[in-house]
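Shown next, in C-alpha cells, is the structure this report addresses.
In this text, all values refer to a predicted model and were calculated from it rather than measured experimentally. Ligands are counted one by one from 1 in listed order, and the atoms in each one are counted from 1 as well.
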Amino acid sequence: MLIAVLSDIHSNLRALDAVLGSIGTVDAVWHLGDVVGYGPEPQSVVNRLREAGAIGVRGNHDEAGGGGTCIEFFNEDGYKAMVWTRTRIDESARLYLAGLPEQRMPEGSDFTLAHGSPSDPIWEYVDSPEVAQANLSAFDTTYCLVGHTHVPRLFRQLRGRMRAIAVDRGGRLALDGRRMILNPGSVGQPRDGDPMAAYMLIDTATAEATWQRVEYDIAATQAAIVAAGLPPHLARRLSSGR
Ligand code: ZN
C-alpha cells in the first residue's frame with residue numbers, strides 16, 4: 001500500500017496541486033491538519049482534498065475555520081487571515097473542517113495521525129526529543145505522524161531514549177518496528193529554509209518512508225495572497241521557506 005502524507009497545506013492550492021501531481025497514483029492520501037489558514041484558496045483546497053478522498057485530522061487553523069474560539073490565540077497575521085478565511089468558505093467546507101477528528105488510526109494501519117501531538121492534538125509542537133519522549137505513552141501504534149511545526153523531522157527511540165533526526169529531501173527511512181514520531185513538513189508554508197512543497201510517501205510493502213519536495217508556482221500564490229488583501233508577510237515568507 002502506497003500512502004501520501006500531507007500536512008499544513010494552509011490554503012495553498014498551487015502547492016497542493018503540485019504535490020498531488022507528483023505523487024501519481026497512491027492507495028490513500030492522509031492529511032495532518034491545517035488545511036486552511038494563511039493562504040488564498042481555502043475553499044478550493046478543501047474541495048480538492050475531498051475529491052482526492054483524503055482522510056485527516058483537525059489542526060488549530062481548521063478548528064478556527066470551523067468556527068472555533070481558538071482564533072483568539074492566533075498571532076496578528078494568522079488572526080487576520082482566519083477572519084478572511086471564514087468569509088471565503090461555504091457551509092459544507094466549514095462543517096468539513098469542524099468535523100475533522102483530533103486523532104485517528106487509519107483502519108488496518110500501524111499509524112496514529114495527529115496535527116500537533118498525540119497528547120495535545122490541536123496545539124502542542126513536537127519540536128524536541130523531550131516532547132517526543134513524553135508523547136510516547138499517548139499513542140498505541142508503533143508510528144505516529146504529526147505536523148504543526150512545518151519542519152520535516154523524525155524522532156526515534158535509540159537505547160531507550162528519543163532522538164531527533166533531521167531529514168533531507170529524498171531521505172529514506174526504514175519503518176523497522178521501533179517507535180517513531182514522523183513529520184512530513186508542510187505542503188503550503190514550509191519553515192525549514194526550503195521553499196518547495198514538502199510531503200511524505202509511505203510504502204507499507206517495503207516498510208519505508210521517504211521525504212519528498214516538489215516545486216510549485218510560488219510567485220502566483222504570493223500574487224494571490226496580495227490580491228486577496230491578506231498580510232504581505234504571508235506572501236514574502238513563502239520565498240524563503242521560513
Ligand atoms: Zn500549520
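Among heteroatoms of the N, O or S kind in D34, OD2 lies nearest the Zn ion (ligand 1). Looking only at its N/O/S atoms, H150 has NE2 as the one nearest to the Zn ion (ligand 1). The nearest N/O/S atom of D8 to the Zn ion (ligand 1) is OD1.
Under the 4.5 Å side-chain heavy-atom criterion for grouping Ile, Leu, Val, Met, Phe, Trp and Tyr, M162 is not connected to I165 through any hydrophobic cluster.
Taking both residues in full, the closest heavy atoms of T85 and P42 are given as CG2-CB, 3.8 Å, listed atom of the first, atom of the second, then distance.
Look at H10 and the Zn ion (ligand 1): an N/O/S atom of the residue is under 2.8 Å from the metal.
E51 and N47 share no side-chain donor-acceptor pair at under 3.5 Å.
A salt bridge is defined here as a Lys NZ or Arg NE, NH1 or NH2 lying under 4.0 Å from an Asp or Glu carboxylate O, and D192 with R213 meets this definition.
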